[in-house]
There are 2 protein chains.
Amino acid sequence: MRSPKPHATTHLPEPGEPAPAVHRAASLAEEVYDAIFARLMALKIPPGARITVDNLVRELAVSQTPIREALGRLEGEGLVVKTHLVGYSAAPQITRRRFEELYELRLLLEPEMAGRAAARMTDAALAELTAAAGVMSRSGGIDERARYSQFARQDAVFHDQILGVAGNEMVRETLAHQHTHFHIFRLMFHARVTEEALDEHEAILAAFAARDADAARRAMRLHIERSRDRLLPAFEQ
Amino acid sequence: MRSPKPHATTHLPEPGEPAPAVHRAASLAEEVYDAIFARLMALKIPPGARITVDNLVRELAVSQTPIREALGRLEGEGLVVKTHLVGYSAAPQITRRRFEELYELRLLLEPEMAGRAAARMTDAALAELTAAAGVMSRSGGIDERARYSQFARQDAVFHDQILGVAGNEMVRETLAHQHTHFHIFRLMFHARVTEEALDEHEAILAAFAARDADAARRAMRLHIERSRDRLLPAFEQ
DNA sequence: CAATACGATTTCCTATAGGATTTCATATAG
DNA sequence: CTATATGAAATCCTATAGGAAATCGTATTG
C-alpha cells in the first residue's frame, strides 16, 4: 500500500534559495531541469562527469520520469550527452578549436549589434547598462574566486543587455546559448579579473552615451579580441 | 539539427509489425526522436498542433518513457513546447519578426563564411558543391510541391557544405539549428522554385571556382537578400 | 437565460518488476 | 607472467498499472 505525495506541495531542495510561498505552476521536470542546470553551472557536476539517474532520484526525491525528461532537454541543448547503455554525462570541456570558433562568431555578431544598440539607445536603457557595469566593483576584499564568479555573471548580463537593445532576439538567444557552455570554461580556468576588462566596458558605455554607432562597434570589437587574448593562455598549460 | 551520433540501421516497427528480437544499437528514445522529427519536418504534425504521449505510444508501439525523453530533447531544441498539465505541442509557426531576424543573422554570417570558403576551397570540395547544386535540376515534370520540397532540402545542403568548407563548426551548427525551424515555414508557404535561385547558386560557384573571396561574399549576400525578398510576401496575406 | 455542480477526459507523475549490456574482478590455460 | 574466459554487480532501459490534478463539456438549478 503506497502513499504518494501530493504533487502540489512537493518542492525540490534548492540550497540557498527559499522556495516561494505560492507554488508556481511548473512541472516537476522543469524544476529538475533547473536543479541540474544549476549544478552544471556551479561546477558541482564537472565537465565529463557521469550523471546517473538513480543518484538524482535520491538527491532530488523525485521519480525517474521527470528526471529523464529533464535530461533529454539538457541533451537537446547540448549541455549533457547520452551514450546508449552507458548513461548521461556532463558535456566535455570546450576545446581550443571551439573556443576560437566562439570568438569568431562573437566578432562577427557583437560589434555590429553594439553599433545598432548605440543607434537605438535610450536614456533608460543606458542607465540600466551603466548600473550593470557598475556592479562589477573594482574594490577587492572578497576572495578571488568568488569575485571572478560574480564578474563572469555580470559580464554576461552586460553583453546580453546590449543585445537586447540592439533588437535581434534570435542573435541574443544564440549567443546566450553558447554562453552557457562557455561559462563553465571560464570558471574552470578562472582568470584574474583584470582592470582592463572594466576599462573596456567603460569605453563601450562612453560610445553608447554619445550615440556613436561606429565607436561602439570599434570598442566592442576591441573588447572581445582582448577578452579572447586574456583567456587563450588557459589552453597553453 | 541533431548532434552527430552513430546512426541506427534499424527502424521502429511499422504498425502491425512485431519488434525484432535482436538488440538495437541505438536507444529507443533516439529512434522515437527521429520519428517525431520526421513527422514535424514533413508537416505531418503542423505547427501548433498538439502532440499527445498516448497517441505516440499507439503509433510507435513503445512505452511512455522513451517518448517523454525524446520530447524533452525536442523541447530543448525548441521544436516542441510543453505546457504544464496541458501537454506537448509542435512549436508555433515563425513570425515575420523572427523571419527578419533570421535573415539579419544569415547576412552577418554567411557572406563572410562564403569568403573564407573561397579562400580555402579545394578541387574536391568544389566538385561536391557543384554536384549538390546540380541535383537541383531545372527540368520540370514532377509536381510542384514535391519539386519545391526537394529544392528546399538541396538548398540547405548547399549552404551547409559551404559552411563546412569555411571551417567554423559552431557557426555551421547554429545555422543548421535555425534552419530546422525555417524549413517548416518554407514548406507551409511553398513558394515556386524560381530560376533566379539557381542562377544565384551558380554565381556563388563561379566565385568559388575562381577562388575569389570578395566575389563569393558579394554573391552570397545578394543570394540571401533575394531569398528573403522572395519569401517575404508570404506574410502579406 | 445565467451560474454553478458534476463527471469524463487528459495529462503528469509514481512505483515496481524485469531484461539487456557494460565493467571489473577472478580464475584458468598457455 | 600474460592473455583469455567466466561470472557478479551496477546501471541503463523498457513495460505496465494506476493515483492525483486540471480542463472541458454537459446538465441541473435559481
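So that the names make sense, note that chain A is the first sequence line, chain B the second, and so on, each numbered from 1. For clarity, every value in this text was computed on a predicted model and none was experimentally measured. Because only heavy atoms are used, hydrogens play no part in the values below, and waters and symmetry mates are left out as well, while side chains stay in.
- Atoms CD1 and CD, on B/I94 and B/E100 in that order, are 10.0 Å from each other to the nearest 0.5 Å.
- The side chain of A/R68 lies closest to D/dT14, out of D/dT14, C/dC13, C/dT11.
- Taking every side-chain heavy atom of B/Y88 into account, C/dC12 is the closest of C/dC12, D/dT11, D/dA15.
- Here the two rings, on A/F235 and A/F185, have centers that are under 6.0 Å apart.
- Ion pairing between A/E75 and A/R68 fails under the 4.0 Å rule for side-chain N and carboxylate O.
- Going from atom CG of A/L28 over to atom P of D/dA20 covers 15 Å, rounded to whole Å.
- Atom-to-atom, CG of B/L60 to P of D/dT14 comes out at 13 Å; the value is rounded to the nearest Å.
- Atom pair A/E69:CD and D/dT14:P shows a separation of 15 Å (rounding to whole Å applied).
- For B/D54, counting side-chain heavy atoms from C-beta on, the closest listed nucleotide (C/dC12, D/dC12, C/dT11) is C/dT11.
- The listed nucleotides are C/dT14, C/dT11, D/dC13; the one nearest the side chain of A/K82 is D/dC13.
- As judged by a 4.0 angstrom heavy-atom cut-off over every strand, B/S63 is placed among the base-contacting residues.
- The listed nucleotides are C/dC13, D/dT14, C/dT11; the one nearest the side chain of B/T65 is D/dT14.
- No side-chain N or O of A/Y103 forms a donor-acceptor pair with one of A/E110 less than 3.5 Å apart.
- Straight-line distance from the CD1 atom of A/I67 to the C1' atom of D/dT11: 14 Å, rounded to whole Å.
- Protein atom CZ of B/R58 is 14 Å distant from nucleotide atom P of D/dT16, rounded to whole Å.
- As rounded to whole Å, 11 Å separates atom P of D/dA15 from atom CD of B/Q64.
- For A/E31 and C/dC12, the CD to P distance is 15 Å, given to the nearest whole Å.
- Rounded to a whole Å, the CG atom of B/L56 is 12 Å from the P atom of C/dC12.
- Between A/R116 and B/E104, at least one side-chain N (NZ, or NE/NH1/NH2) sits under 4.0 Å from a carboxylate O, which counts as a salt bridge.
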